Asks: 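What follows is a structure written as structure tokens; I'll ask about it next.
The chains referred to below are lettered A, B, ... by the order of the sequence lines, with proteins before strands, and numbering in each begins at 1. Keep in mind that what you see is a predicted model, and the values were worked out from it rather than measured.
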Amino acid sequence: MGDKLKNYLENLFKQLSKRLEYINDEVLILNVPNNRLQGDYSTNIAMRLSKKLKTNPRQIAAEISSNLLELADKSIIAEVKIEGPGFINFFFAPGFIAGVVQKVADNGNNFGRSNKYNGKKAMVEFVSANPTGPLTIGHGRNAVVGDTFANMLEAIGYDVTREYYFNNAGRQMRVLGNSVKFRYLELLGQTIEFPEDHYQGEYIKDIAQQVLNDHGDKLVEESPEGIFKDYAERIIFDDIKKTLGNIGIEMKSFFNENDLYTEKRIDKVLEEFKAKDLSYQSEGATWLKLSKMGNEQDKVIIKSTGEPTYRLPDIAYHITKYERGYDLIVDLFGSDHNATYPDVLAALKALGYDIEKIKVMIHQFVTVVANGQIVKMSTRKANFITLDELIDEAGRDAVRYFFVMRDLKTHLNFDIELAKKQTDENPVFYLQYAYARICSILRMTTEKELKASFENLDLLKEVEEQDILKKMFHFADEVEFAALNFEPNKISNYLEELAALFHRFYAAHRIIGSEKNLAEARIALIVAVQQAIKNGLNILSVSAPEKM
RNA sequence: GCCCCGGUAGCUCAGUAGGAUAGAGCGUCAGUUUCCUAAACUGUAGGUCAGAGGUUCGAAUCCUCUCCGGGGCACCA
């Protein structure tokens with residue numbers, strides 16, 4: 001759907017370039033000025049051209065604007081002004097702006113969405129926590145952001161697969177099995193000195209209890225890597241899936257690292273490295289020639305024990321993503337991974353894969369603040385707060401919103417008290433309140449037999465009304481921008497601004513009690529706002545309550 | 001020592017390929033409800049955009065250096 005206003009101007013400039021040749025070589029940058037007196041859109045093209053043409057920018061601006069006015073449709077563009085050092089400011093006709101209301105009504109739940117990337121397949125890999133314990137708040141940011149990425153890509157037409165990659169073998173899982181067995185023996189009355197580097201959490205005791213319930217004391221001689229590990233894995237994974245479900249995340253697929261071995265994919269990659277002379281043996285290990293691929297140093301891919309390091313399966317795993325035909329491959333990691341992915345990318349590139357398709361997104365850590373104190377957490381030490389506990393306390397909407405409302409690149413302070421608060425300090429409620437307020441107004445207007453009408457949209461002339469209309473025109477652009485740049489916080493910011501404009505309108509003007517035509521145009525306006533907020537919240541998977 | 005992120009109002013943060021007087025919420029203080037939800041709105045106060053150089057008509061934004069905070073630099077994942 002795009003932004004009609006912007007498209008219109010871009011087309012106008014295209015026509016203009018036939019008249020004024022110098023326009024051709026200059027990129028047109030249109031932005032929305034902060035100050036409404038500076039127009040609906042503004043361009044600095046004259047200033048940029050003045051360097052090249054060695055002419056006064058205001059003079060160039062004058063030539064551009066007079067030609068533009070001749071080409072422009074007066075019912076769309078009301079005014080073009082030259083201001084400041086040479087900005088060209090465009091003012092749209094209020095009646096034209098109001099047309100967005102009709103557009104929203106026509107598109108309904110699809111308003112803001114587009115089919116620009118229809119037919120393209122994307123994968124978002126996220127969470128990918130190994131089943132060694134419940135999801136923590138730290139995983140929460142990854143989970144919510146990843147799912148929101150997927151929602152945003154769907155909103156611009158992508159067919160998206162959400163995938164969870166996990167490893168249920170190796171040292172961690174052995175330690176997990178051991179941990180359960182120790183707790184099991186404790187339950188049977190043995191005195192155990194529980195190792196410090198084992199999983200300390202209460203959940204391990206629960207799993208041990210479960211084993212005891214099902215098998216009694218028959219497993220004293222059983223290997224920790226058998227039944228104990230299997231129980232732990234199954235119970236923990238069920239718990240993880242339940243937690244994800246609690247915040248509305250449904251993974252389409254769970255990819256087990258182990259399949260890479262059984263399907264001989266690891267061997268195949270190794271052979272390929274060898275054939276392309278990208279690996280070598282040294283000190284009993286197999287090394288990857290990363291220094292030849294532009295990275296700092298060579299790294300081990302097979303330890304002298306014969307076990308691969310994480311890099312090798314990671315590379316093989318990504319090859320499956322290519323083979324599965326994705327046009328866009330998104331990996332979302334915490335900042336602790338920031339040094340590892342370049343190795344994987346370099347290797348894939350060396351094997352001939354187009355790494356432009358891969359977008360590695362790194363989010364910074366979550367700092368949990370409780371009672372004004374920073375809480376340090378570790379799964380192993382079990383002093384963490386689980387994601388489930390957080391959802392129980394703060395609710396799904398607040399959790400989803402809080403994890404997404406900040407730029408990924410910055411540390412997120414998660415203030416547990418704030419998220420729990422059902423007050424105006426909590427931005428989720430600000431948005432939801434705007435929505436609920438509209439629903440309430442509409443219940444009243446229905447009683448008074450007033451209904452939305454598109455006949456007299458040109459009556460929407462007040463500043464507060466025009467501001468809302470203009471804001472709505474940008475919705476689709478904001479969604480597309482947010483999706484392509486992986487910035488979900490752009491959507492929450494946009495919605496907060498839209499909600500603020502609505503609240504301002506509400507305080508300044510009345511619907512019930514206004515002249516009928518105006519009242520019905522205003523109803524159409526707020527119905528459109530209602531739809532936009534709902535669609536935006538929907539992308540964030542936050543609910544839009546009709547009553548609060 | 002090296003690499004990646006960040007440093008903007010008292011607090012939490014926006015600031016979209018460099019643009020016009022740096023914004024919002026919360027918190028301060030002062031107001032607004034016989035009237036569609038006051039979970040709202042209006043006004044007030046609050047800034048050396050970490051610091052120093054540079055690039056240019058113009059820098060919070062780009063470059064260099066310094067300081068502070070976080071993460072990483074394994075034959076762990």
Asks: Does one side chain, of A:Asp331 or A:His337, offer a donor that lies under 3.5 Å from an acceptor on the other?
Replies: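 On atom types as modelled, these side chains do not qualify, holding no pair under 3.5 Å.
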Asks: If I take atom CG in residue A:Asp336 and atom C1' in nucleotide B:A77, what distance separates them, rounded to the nearest angstrom?
Replies: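 One finds 9 Å between C1' of B:A77 and CG of A:Asp336, rounded.
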Asks: Could you state the CD-C1' distance from A:Gln364 to B:C3, rounded to the nearest angstrom?
Replies: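 Going from A:Gln364 (CD) to B:C3 (C1'), I get 13 Å.
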Asks: If pairs are Watson-Crick or G-U with both distances under 3.5 Å, what is the dot-bracket string of RNA chain B, marking crossing pairs with [ ] and pairs to another strand with |?
Replies: (((((((..((((.....[...))))..((((.......))))......(((((..]....))))))))))))....
Asks: Rounded to the nearest angstrom, tell me the gap between atom CG in A:Asp314 and atom P in B:C76.
Replies: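 Spelled out: CG on A:Asp314 to P on B:C76 is 15 Å.
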Asks: Using a cut-off of less than 4.0 Å, is there contact between a side-chain N or O of A:Arg504 and OP1 or OP2 of B:U42?
Replies: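 Indeed, a polar side-chain atom of A:Arg504 lies that close.
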Asks: Could you give the distance separating B:G7 and B:U21 at their P atoms, to the nearest angstrom?
Replies: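 24 Å, rounded to whole Å.
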Asks: Taking atom C1' in both B:A52 and B:C68, compute the distance separating them and give it to the nearest angstrom.
Replies: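 15 Å, rounded to whole Å.
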Asks: Heavy atoms only, 4.0 Å cut-off, all strands: where does A:Glu546 land among base, sugar-phosphate and nothing?
Replies: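 Since a base atom lies under 4.0 Å of A:Glu546, the category is base.
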Asks: Roughly how far apart, to the nearest Å, are B:A50 and B:U16 at atom P?
Replies: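 Taking atom P in both B:A50 and B:U16, they lie 15 Å apart.
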Asks: What is the separation between atom CG on A:Asn31 and atom P on B:U16, rounded to the nearest whole Å?
Replies: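 Nearest whole value for this atom pair: 10 Å.
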Asks: Is the shortest side-chain N/O distance from A:Asn493 to OP1 or OP2 of B:A24 below 4.0 Å?
Replies: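 So the side chain of A:Asn493 is outside the cut-off, no N or O lying under 4.0 Å from OP1 or OP2 of B:A24.
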Asks: Considering only the P atoms, how many Å lie between B:U64 and B:C3, rounded to the nearest integer?
Replies: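 Between the two P atoms, the distance is 11 Å.
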Asks: Using a cut-off of strictly less than 4.0 Å, decide whether A:Tyr310 has a side-chain nitrogen or oxygen near OP1 or OP2 of B:A74.
Replies: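 Negative; the distance criterion is not met.
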Asks: What is the separation between atom NZ on A:Lys490 and atom P on B:C13, rounded to the nearest whole Å?
Replies: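 Result: 16 Å.
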Asks: Regarding A:Tyr22 and A:Glu63, is there a side-chain donor-to-acceptor distance under 3.5 Å anywhere?
Replies: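 A pair is found: one side chain offers a donor N or O, the other an acceptor, under 3.5 Å apart.
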Asks: Does B:C76 have OP1 or OP2 under 4.0 Å away from a side-chain N or O of A:Lys303?
Replies: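 Looking at the OP1 and OP2 atoms of B:C76, one of them is under 4.0 Å from a side-chain N or O of A:Lys303.
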Asks: Mind listing the N/O atom pairs, protein and nucleotides 30-34 of chain B, below 3.5 Å?
Replies:
none

Asks: According to a cutoff of under 5.5 Å between the ring centres and under 30° between the ring planes, does A:Tyr430 stack with the base of B:A39?
Replies: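 Taking the rule of under 5.5 Å and under 30°, the ring of A:Tyr430 does not stack on B:A39.
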Asks: Can you tell me, in whole Å, how much space there is between the P of B:C13 and that of B:C57?
Replies: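 One P to the other, the span is 37 Å.
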Asks: Under a plain distance cut-off of 3.5 Å, with no hydrogens placed, do A:Asp298 and A:Tyr280 share a side-chain donor-acceptor pair?
Replies: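 Per modelled atom types, A:Tyr280 and A:Asp298 side chains form a pair under 3.5 Å.
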Asks: Is there a donor-acceptor contact under 3.5 Å linking the side chains of A:Gln281 and A:Thr286?
Replies: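 The criterion, which ignores hydrogens and geometry beyond distance, is satisfied for A:Thr286 and A:Gln281.
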Asks: Once you apply a heavy-atom cut-off of 4.0 Å, does A:Met405 come out as touching a base, just sugar-phosphate, or nothing?
Replies: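 Counting heavy atoms under 4.0 Å across all strands, no contact is made by A:Met405.
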